[in-house]
Number of protein chains: 2
Amino acid sequence: MSTIIKALDILDLFSPAQPALGLSEAARLLGRDKASVLRHLSALEEKGMVEQDSKTKQYHLGPALSRLAMVREQTAPANHSIVNVVRQLAKDSGETTHLSRYSNGRLVQGKVIDAPSRGGIRVQIDPAEELPLHATASGIAFLSSCRTATREQALARPLTCYTPSTPTSREAVLQQVETARIQGYAIGDGAYESGAVGIAATVFNATGEACGAISVASPAASLNDTRKREIIALVLEAARQISWHQGAPQHVISQFDTRIAAA
Amino acid sequence: MSTIIKALDILDLFSPAQPALGLSEAARLLGRDKASVLRHLSALEEKGMVEQDSKTKQYHLGPALSRLAMVREQTAPANHSIVNVVRQLAKDSGETTHLSRYSNGRLVQGKVIDAPSRGGIRVQIDPAEELPLHATASGIAFLSSCRTATREQALARPLTCYTPSTPTSREAVLQQVETARIQGYAIGDGAYESGAVGIAATVFNATGEACGAISVASPAASLNDTRKREIIALVLEAARQISWHQGAPQHVISQFDTRIAAA
DNA sequence: AACCGTTGGTTCATATATTGAAACGAAACA
DNA sequence: TGTTTCGTTTCAATATATGAACCAACGGTT
């Protein structure tokens, strides 16, 4: 394994739950030698990827990340219009909405728009959180449209159980994926977080490949059948627009059109 | 030089002006071998730091950056390292030092470090005090780097006169701002408090926007030309460090570097 | 105060991962 | 068509990473 990857693995230790850690702790979590981890951390620090608190000696994520993320956002192609679609979906549905993107085996949050808060109960989503492919509506939707190799790769990894309704067997996941494929959208009913229902549809890129998912998360209590259908239509429309903004090919777009007409 | 740093150097090639680049171009810019750069890019890609457009083969900054930056922002530690820079500046200059931040049309004190008291005359600063933009070195420095709308807004407000040398006309202020812009630092000679000379430089945030100023306040009596130049260099260096800690973009940092070299 | 289990950090011989010139096929260009 | 440039692969030479052992310092216990 390359040194670069070993070093960058360190960054993945940091999370909202664990915003800072010391040398020994990092080495333990990675199962590596302190000396190596120290050298890696020093290199990362030199480039501003992490920062060390001179008092506590703990490391935390550094300013270079803010800078680079800013560059990425500023130069992300055609991002603005896509974000607008997500925002509109949040407004129309009145619920928390998030767009996720697939990259290197992971489904990561692209943009999260919190529910327009006019009181009442809403779902909160952590924008830094990675979405498990097997336990979220977004994940199931994506798996239902991606290439087989990608799906197999995802299923090969351990299927962590989050709630009593998390599908943890290959068969259970595949069945959900299959219904999602037929319907054109996925419903995740408390499989990741109890009481939160996700309704998601795949988004496609210019090559016609699945590249992520758009999803609305609602409290289970607030969903009856007509409301559900309403949201499904909104999500499908948003997925169509985002895919279109990314230059998805005609046959993908028209498939959305027939799905929306059916809903 | 460690491999990690060499790999991370690649990320610095990306900028709003150059949001994507190919392998050869990157290798050329870095003066390194294509093969190495390819391996580095592949490693970075595996960790999501860059992404390769499968069509054009060009690389651009990856989703891991957005994710990690989000974690960093959520867990933003009350920036200890920045305070350290201010403290160090106070120590190196031997004078009272303060970092101010712009917010809602006002320049407010972020952190004030009193001069290391080894006797003699020093300037006292009230940490609760708001800094008039037109009459302090910090204010002039900030105005010399902020966007036009902000500057106009500041000039539209009444220009209170504090001492005989307070600039009270729009033209007088603008002239000071212009010299500050050219020099990269501002000197406020008793414009707010007679006998107190401020030397300030703008600090920038991750968006590359001016967000405040760092300043050293000395008694006029204790300043000769060489001492002044000494402090200017220290202030510029501190501004550079603070901006860096806030993730300011490369072109901002390098501007500081040239200014420091000139001083 | 002496002891203990930590911590972050350093050293150096060993072993391993990195390196870069050269070569390749593909694509773009003239 | 030949020419250039591109991304990518290979492999021997070597520069670099590694980790066991060690150190000094800190914070609790006894």
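Here the structure is a predicted model, which is why all the values come from computation and not from measurement. Just so we're on the same page: letters track the sequence lines, and every chain starts at 1.
Here the nucleotide nearest the side chain of B:Lys34, chosen from D:dA17, D:dC6, C:dT18, is D:dC6. Listed candidates were D:dT18, D:dT9, C:dG9. Nearest to the side chain of A:Gln52 is C:dG9. Of the candidate nucleotides D:dT18, C:dT19, D:dT8, C:dT19 has the atom lying nearest to any side-chain atom of B:Arg39. Relative to the side chain of B:Ser24, the nucleotides D:dT18, D:dC6, C:dG8 differ in distance, and D:dC6 lies closest. Distances were taken from every side-chain heavy atom of B:Lys6 (C-beta onward) to each of D:dG7, C:dG20, D:dT16; the shortest belongs to D:dT16. Set against D:dT8, D:dT18, D:dT10, the side chain of B:Ala35 has D:dT10 as its closest nucleotide.
Under 4.0 angstrom from either OP1 or OP2 of D:dG19 there lies at least one side-chain N or O belonging to A:Ser36. Residue B:His40 places at least one side-chain N or O under 4.0 Å from the OP1 or OP2 atom of C:dT19. Checking the phosphate oxygens (OP1, OP2) of D:dG7, no side-chain nitrogen or oxygen of B:Arg28 falls inside 4.0 Å. In terms of phosphate contacts, B:Tyr59 brings no side-chain nitrogen or oxygen within less than 4.0 Å of OP1 or OP2 of D:dC6.
B:Arg227 has a carboxylate O that lies under 4.0 Å from a charged side-chain N of B:Glu230, or vice versa, which qualifies the two as a salt bridge. Under the 4.0 Å criterion applied to side-chain N and carboxylate O atoms, B:Asp33 and B:Arg39 are not assigned as salt-bridge partners.
Separating the CG atom of A:Leu23 from the P atom of D:dA25 is a distance of 18 Å, rounded to the nearest angstrom. Rounded to whole Å, atom P of C:dT7 lies 11 Å from atom CG of A:Leu29. Between the CG atom of B:Leu38 and the C1' atom of D:dT9 there is a distance of 9 Å, given to the nearest Å. If you measure from atom NZ of B:Lys57 to atom C1' of D:dT8, you get 9 Å, rounded to the nearest angstrom. Rounded to whole Å, atom P of C:dG20 lies 12 Å from atom CG of B:Leu30. Rounded to a whole Å, the CZ atom of A:Arg32 is 13 Å from the P atom of C:dA17. We find that CD of B:Glu45 is positioned 13 Å from C1' of D:dG7, with the value rounded to whole Å.
More than 12 non-hydrogen atoms from other residues, nucleotides or ligands lie less than 6.0 angstrom from CD of A:Glu45.
Rounded to the nearest 0.5 angstrom, B:Ile242 CD1 and B:Asn84 CG are separated by 10.5 Å.
In terms of position on DNA chain C, the residue among A:Met1 and A:Asp33 whose nearest nucleotide sits closer to the 5' end is A:Asp33. Taking for each of A:Thr56 and A:Ile4 the nucleotide of DNA chain C with the nearest heavy atom, the 5'-most of the two is the partner of A:Thr56. A residue-by-residue look at B:Ser2 and B:Gly22 shows that B:Gly22 has its nearest nucleotide of DNA chain D further toward the 5' end.
Residue B:Val86 is tested with B:Val216, B:Val112, B:Thr97 for a side chain to side chain contact (heavy atoms under 4.5 Å, CB included); the sole match is B:Thr97.
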